[in-house]
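Keep in mind the model is a prediction, meaning the values are calculated, not measured. Only this structure's heavy atoms are used, side chains among them; waters, hydrogens and symmetry mates stay out. Note that ligands are numbered from 1 as they come in the structure, with each ligand's atoms numbered from 1 the same way. By convention here, the first residue in the shown sequence is residue 1.
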Amino acid sequence: MRQKQFKAESKKLLDMMINSIYTHKEIFLRELISNASDAIDKLYFRSLTDDSVTLDRGDYKIALAVDKEQRLLSITDNGCGMTAEELEKNLGTIAKSGSLDFKRQNETGEEVEVIGQFGVGFYSAFMVADHVTVESRAWGAETGSRWESSGAEGYTIEPCEMDWNGTRVTLHLKEDSEEERYSEFLEEYRLQELVKKYSDYIRYPITLLMPDYRPKKKENEAESGEGQEKEPEYETVWEEKTLNSMIPLWRKQKSEVTPEEYNEFYKGKFYDYEDPAAVIHTRTEGNATFHALLFIPAHAPMNYYTTSYEKGLQLYSRGVLIMEKCADLLPDYFSYVRGLVDSEDLSLNISREMLQHDRQLQLIERALERRIKSELEKMLNNDREKYEALWKEFGTQMTYGLCMDYGSHKDVLQDLLLFYSSTEKKPVTLKEYIGRMKEGQEAIYYGCGRTVEAIDALPQADQLKEAGYEMLYMTGQVDEFAIKTLREYDGKKFLNIRTDEIDLSTEEQKTALKEENEAAADLFAAMKEALGDKVEAVRFTDKLKTHPVCLSSEGGISMEMQATLNAMPGNEGRYKARVVLELNRDHPVTAKLKELAVTDKQKLADYTRLLYAEGCLIGGVPIEEPAELCRLITGLMTENQ
Ligand code: ADP
Ligand code: MG
């Protein structure tokens, strides 16, 4: 019979399993049992619509069996089974993204320790076995097929006699060595322990012939005795036992589940190597009756901010999986949440289209949204460090949520936002900002830029610092859009330090400034002419303390928004902020400009362009004409030669 080769990807994974130095090799059992359970789920699901499947719920089981002499351990299920083609396809190739993720992780040089934390699948059998046999007969097929492999060399598939449908996976365990003991997987009590640990919630009975050591029953009880104490004789009775409790974890009482159990369940089911940041386990009754077990991951999956990421929760109906990823159960801004919902109210063979309009589903979504929000708030208040870490991972997505649907998710999201604060030097919430506002402070001040340092260096930041006002740093791309959508928080407006909206000067100063601006109308006109349509206007300001110049904007679109909007495909050059060149009237350079306005118009124009360039540079606005700027600077350097 011809030996077939594993697909390249599969071979890599297989090699890793064979040569694994991983200490928790025991997880192979969890993998094989979960495959058996999946296979039964598939057949059970089919039985709901297909009358030819005559099994009842109670007929399904997963049977473990050991043969100590031959060193064999088998896992048998009466699920959907596989045809020869399916054996080839499923066991010759890695099907699952979980396995692939694992491989990727491993290539980045992470410890092999991560093995047990991903769903590594069928090949994990090769961590403990040197030969694996899979006999399988698909439901409705006439005969079975046998798949066999001793690992790296490849595998064979041939027909075999089978008078039952389902799958039996038989492992020939590796010989014990000095470092490793594989015989433990032939011991009944050890197997029982492993099933309890990893597979307790599997909904079908997992059985094993277990030894029971008990006193021998006397043939004729009455005759023995005559007072003297005789040692009772013991015998070993073999009995088939069900090892798992069959109650899904999410249907247990919270008090019955340990944190470790939640974590193991999460990592095994959702292919993560890290414990979740939070677990939400709830049972809701009323309009919608359901159990939910949700996890907030501690880190974003690699593809989270790409289009390949699919949000969604597993959907069960009375304990039976009916949909792997039900997107309608999660709003986009909580799309990172993983988990499952088990509802009493959904019909089992409901179609995807029907689900979309299902009122029950909407009720569940809303209830879950509330739960997730309150869990996040709890973390925000009680474990700030953890929440900040979470915000780093998922903050962009939640901020984005504020901008969606005309800001209708404001109530859910606004108190979850974090922004770095100029006075606290750490991320703060809007509520905290409001609580610290100085007397007479009318608005929430913020600055935009790529980094905290860049915003801090903005000339316009000086006036706030001098006045002792707190400023929020908006470094995220969508931060300002979210703020604009909010419009106000707790009755306070948001003011961007780089717009003309902030004026902290006294009435007296204002009047003086107004007069001086009017007097300099000619100067400004000349400067405006030098800059063309780059600016709307030129004027003096009191907001600058040490800097000579800054660029501010008027109206709804700030310079940062202009940059973000124009960077979107199809928008090139479409949005334009109304830019104002503002001059520090106390700065020596202003005196110089006034002088040049009389003595040298050409030089005034050059200086104006230089000051405009300065404003751009310090404000993080790209220089449009670098060559022209260089010419001006060089001109200055060589002026008096
Ligand atoms: P996964 O379970 O993540 O898909 P595995 O490597 O564990 O990946 O299994 C690969 C595939 O082999 C499964 O998706 C399934 O189609 C098939 N399979 C494995 N075990 C069984 C079984 N006992 N009965 C039917 N199909 C099985
Ligand atoms: Mg599997």
Determine the sole option in V341, D328, I364, L340 for which the side chain to side chain contact (heavy atoms under 4.5 Å, CB included) test with L313 is passed. V341
Below 4.0 angstrom from a heavy atom of G121, which ligand 1 atoms are there? Numbered from 1 as shown, please. 5 (P), 6 (O), 7 (O)
Counting heavy atoms only, name the option from R168, M82, E31, K89 that's nearest to atom 26 (N) of ligand 1.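 It is M82 that holds the nearest heavy atom.
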Considering L32, I33, N35 one by one, which has a heavy atom nearer to atom 2 (O) of ligand 1 than any of the others?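 Ranked by closest heavy atom to atom 2 (O) of ligand 1, first place is N35.
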What part of D77, side chain, backbone, both or neither, has a heavy atom within less than 4.0 angstrom of ligand 1?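 D77 to ligand 1: side-chain contact only, backbone stays beyond 4.0 Å.
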Under-4.0 Å heavy-atom contact with ligand 1, by part of T167 that carries it: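 For T167, only side-chain atoms sit under 4.0 Å from ligand 1.
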Within a strict 4.5 Å, meaning less than it, do heavy atoms of the Y189 and P211 side chains meet?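 When only atoms from C-beta onward are counted, P211 and Y189 do touch, with a gap below 4.5 Å.
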For residues D275 and K267, determine if any side-chain heavy atom of one lies less than 4.5 Å from a side-chain heavy atom of the other.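 The answer is yes, as the side chains (C-beta and beyond) meet within the 4.5 Å cut-off.
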So that I can tick it off, tell me whether E240 and K61 are bridged by a salt bridge, with the cut-off set at under 4.0 angstrom between side-chain N and carboxylate O.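 So K61 pairs with E240 through a salt bridge.
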Got a salt bridge between K7 and E88, using NZ or NE/NH1/NH2 to carboxylate O under 4.0 Å? no
Hey, is the Mg ion (ligand 2) within less than 2.8 Å of some N/O/S atom on S34?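 Within the cut-off used here (under 2.8 Å), S34 places no N, O or S atom near the Mg ion (ligand 2).
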